[in-house]
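These notes concern the structure reproduced below.
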Protein chains: 2
Amino acid sequence: MTSIKDVAAEAGVSVATVSRVLNEHPSVSEDARARVLAAVASLRYRPNAVARSLRTDQTHTLGLVISDVLNPYFTELARSVEEEARALGYSVIIGNADERPELQDHHVRTLLDRRIDGLLVSPTDGGSPLMLDAARAGTPMVFVDRWIPGVDVPVVRADGRSAVRDLVAHLHRLGHRRLAIIAGPAATTTGQERVEAFREALEEYGLDLPDQYIGQGDFQADSGRRATERFLDLAEPPQVVFAADNLMALGALDAVRARGLRVPDDIALAAFDDIRWFVHTDPPITAIAQPTGELGRAAVRALVDRIEGRAPRSVTLPARLVVRRSCGEPPTTNETPATSEHPSTNETPATNENPVTNRSQS
Amino acid sequence: MTSIKDVAAEAGVSVATVSRVLNEHPSVSEDARARVLAAVASLRYRPNAVARSLRTDQTHTLGLVISDVLNPYFTELARSVEEEARALGYSVIIGNADERPELQDHHVRTLLDRRIDGLLVSPTDGGSPLMLDAARAGTPMVFVDRWIPGVDVPVVRADGRSAVRDLVAHLHRLGHRRLAIIAGPAATTTGQERVEAFREALEEYGLDLPDQYIGQGDFQADSGRRATERFLDLAEPPQVVFAADNLMALGALDAVRARGLRVPDDIALAAFDDIRWFVHTDPPITAIAQPTGELGRAAVRALVDRIEGRAPRSVTLPARLVVRRSCGEPPTTNETPATSEHPSTNETPATNENPVTNRSQS
DNA sequence: CACGTCGATGTAATCGATTCCACGAGGAGG
DNA sequence: CCTCCTCGTGGAATCGATTACATCGACGTG
């Protein structure tokens with residue numbers, strides 16, 4: 001590999017001068033600069049980022065540890081994170097935790113070993129000592145989507161509360177009274193919050209959320225299937241199943257289908273997280289859409305602010321309800337297919353406009 | 001940050017001894033080893049991977065440049081790549097090219113700057129000078145899924161030829177005679193091959209593939225929609241649309257639906273690349289499934305072989321037809337939902353067993 | 001007893017960059 | 001004309017590891 005010494009030799013200057021040219025230091029003569037650039041070009045020299053990082057103690061790299069790459073929500077998040085980071089001059093290394101705390105730890109450790117400049121995490125659990133230590137030790141860090149309470153780290157997330165209320169209003173209006181939820185792991189904030197929001201919304205309508213209508217899931221399709229089967233085995237099965245993420249909704253769909261039942265006629269289905277495929281499932285699925293792309297970008301901006309010495313801000317954006325047919329009513333809005341937009345812009349607006357239903361109370 | 005010097009001081013030995021303990025060099029006394037390990041633990045020391053890489057000239061990192069992360073096929077590929085790499089002691093940095101050659105180049109450049117040990121690429125185009133240079137310069141490299149002809153780099157891919165023949169047989173048996181294809185970019189091997197395989201299979205049945213039945217796509221949903229609209233505008237529209245990847249199939253579905261037409265009654269649809277959502281679309285979509293996970297793993301093994309001085313092998317695995325209802329016939333096999341399998345093993349077997357249809361000629 | 005061998009350890013060179021410091025030339029100002 | 005400052009430049013230290021080489025003591029063998 002050609003190094004800065006080779007360039008210096010070729011250009012007839014010292015390595016210091018080469019470095020100055022490369023870093024756009026002002027005091028370099030026009031002559032020297034030209035010779036260096038010529039040498040760089042002719043040798044096809046590229047600076048060794050490893051050496052540079054060692055010296056400057058910065059890698060211009062962000063770590064992103066997400067819970068599950070196969071979940072389209074996180075895929076989209078990862079994509080927007082990379083995009084914004086690139087715009088700000090950073091690279092991103094993605095670690096996929098697969099909802100497994102020990103894998104999450106593995107990635108956090110590897111990323112810290114590589115001396116990434118900052119860490120974006122969507123924690124799978126309540127936080128390992130490793131991660132908490134890193135946060136306390138001053139590693140620039142931002143939580144995205146999920147977070148860990150009691151840790152002094154900015155959080156960028158969506159608030160689904162109002163959208164969940166819209167959903168319950170919608171369901172109530174359609175005559176559904178027995179509503180069940182497939183929850184995420186209790187160790188995650190999103191696992192808890194969505195259940196709470198759901199319960200609170202039900203209370204507004206005088207509805208109860210009995211324990212047997214709370215399925216325990218782990219954000220994976222399989223758990224959604226099992227929880228749904230259990231619901232269907234009840235003496236009085238729920239009329240609606242609300243899955244706390246898109247994969248569990250997929251599993252629920254499997255379970256319903258395996259019994260020869262139909263959505264929404266026999267049982268209604270709704271999901272947290274909207275994904276493009278929901279437009280084309282049988283039936284199209286009513287879902288709560290997060291402003292995924294904006295979340296990713298905001299998270300990167302917060303992290304980079306922190307890294308570059310500015311004060312990072314926590315951000316909470318609203319989610320919104322997208323009504324389709326899986327709960328029983330044909331959509332009243334005419335929806336443009338998600339795929340009709342350009343891929344790089346196909347995300348749901350952050351505004352909470354156009355809720356299909358007005359809530360009956362505040 | 002605590003460095004090896006701090007550990008040495010704490011343990012009362014030299015940095016050399018610390019390094020030896022950490023690298024399991026045999027000639028270290030039991031006493032010194034114990035003191036070093038104690039110091040490492042009490043200081044929570046972690047070696048600086050950047051410094052280590054600079055000295056040893058290896059990063060234990062692979063680069064993976066894929067065409068489009070939002071495409072579930074590539075997401076799954078990326079996941080299996082990371083998994084196998086981790087098992088072999090490597091990390092993976094993913095670069096998403098978004099089907100844009102200049103972005104692909106950006107990522108290749110960044111990865112090379114970081115001195116990754118090897119590169120896994122699924123090229124979006126015919127190959128930029130940058131990538132070709134890197135290959136010639138001896139950067140360990142392996143192509144996965146797509147490749148660039150005329151470059152001496154091992155290729156790990158699926159052969160869809162026989163599955164495409166099975167598909168055409170299936171379509172022919174259902175009485176379809178006017179078959180169209182939405183092709184991928186001509187600059188990609190998969191873009192070309194799938195059209196060729198399709199044409200050859202049609203010829204076996206005495207069928208023609210007129211130019212107007214070849215839609216030009218770019219592997220993105222939007223192009224699938226446009227191509228399908230053009231098909232539907234023809235005086236004699238095709239009876240079947242075969243999309244060369246799953247996103248274009250999604251676009252095709254959009255287009256058909258926007259016209260108020262139904263699949264398969266008004267027009268049949270099939271896709272290359274099977275994804276779990278195809279089980280639940282309306283209707284479930286007949287697709288050609290690649291052994292995605294096995295491709296990823298084989299690619300990593302080939303690359304690591306190359307890196308560690310063994311001879312890498314090109315690998316070609318068969319794809320297989322998965323019949324669902326989108327072409328007109330209820331499936332004759334009872335399909336287990338994709339989500340019933342454990343997420344880490346939910347991939348299609350590499351064998352070509354169980355084709356629903358026997359071809360009428362070889 | 002002398003010498004060679006081997007195991008344990010430390011010193012210092014090295015990887016490829018950045019950057020502090022010193023130095024010389026040239027220009028401005030007194 | 002001398003002094004001082006600025007500009008351009010090179011030498012050398014530095015980042016945190018690995019590793020070649022030197023050293024030294026203990027031990028086995030002739």
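Keep in mind the model is a prediction, meaning the values are calculated, not measured. Letters go in sequence order (proteins before strands), and every chain restarts at 1.
- In terms of phosphate contacts, B/Asn48 brings no side-chain nitrogen or oxygen within less than 4.0 Å of OP1 or OP2 of D/dC15.
- Rounded to a whole Å, the CG atom of A/Asp57 is 10 Å from the C1' atom of D/dG16.
- Between B/Ser53 and D/dA17, a side-chain N or O to OP1/OP2 separation shorter than 4.0 Å is absent.
- The phosphate of C/dG7 (OP1 or OP2) has no side-chain N or O of B/Ser27 nearer than 4.0 angstrom.
- Residue B/Arg55 has no polar side-chain atom (N or O) positioned under 4.0 Å from OP1 or OP2 of C/dT14.
- Between the side chain of A/Thr75 and the main chain of A/Asn71, a donor-acceptor pair closer than 3.5 Å is present.
- OP1 or OP2 of D/dT18 has at least one side-chain nitrogen or oxygen of B/Ser19 nearer than 4.0 Å.
- Taking atom CZ of B/Arg52 as the reference point, atom C1' of D/dC15 lies 16 Å away to the nearest angstrom.
- A donor-acceptor contact shorter than 3.5 Å links the side chain of B/Asp117 to the backbone of B/Thr59.
- Salt bridge status for B/Arg146 with B/Glu99: present, with a side-chain N to carboxylate O gap under 4.0 Å.
- Sparse packing is recorded around CZ of A/Arg313, with 12 or fewer heavy atoms of other residues, nucleotides or ligands lying under 6.0 Å away.
- Across D/dT9, D/dT19, C/dT18, the shortest atom-to-atom separation from the side chain of A/Ser29 is found for D/dT9.
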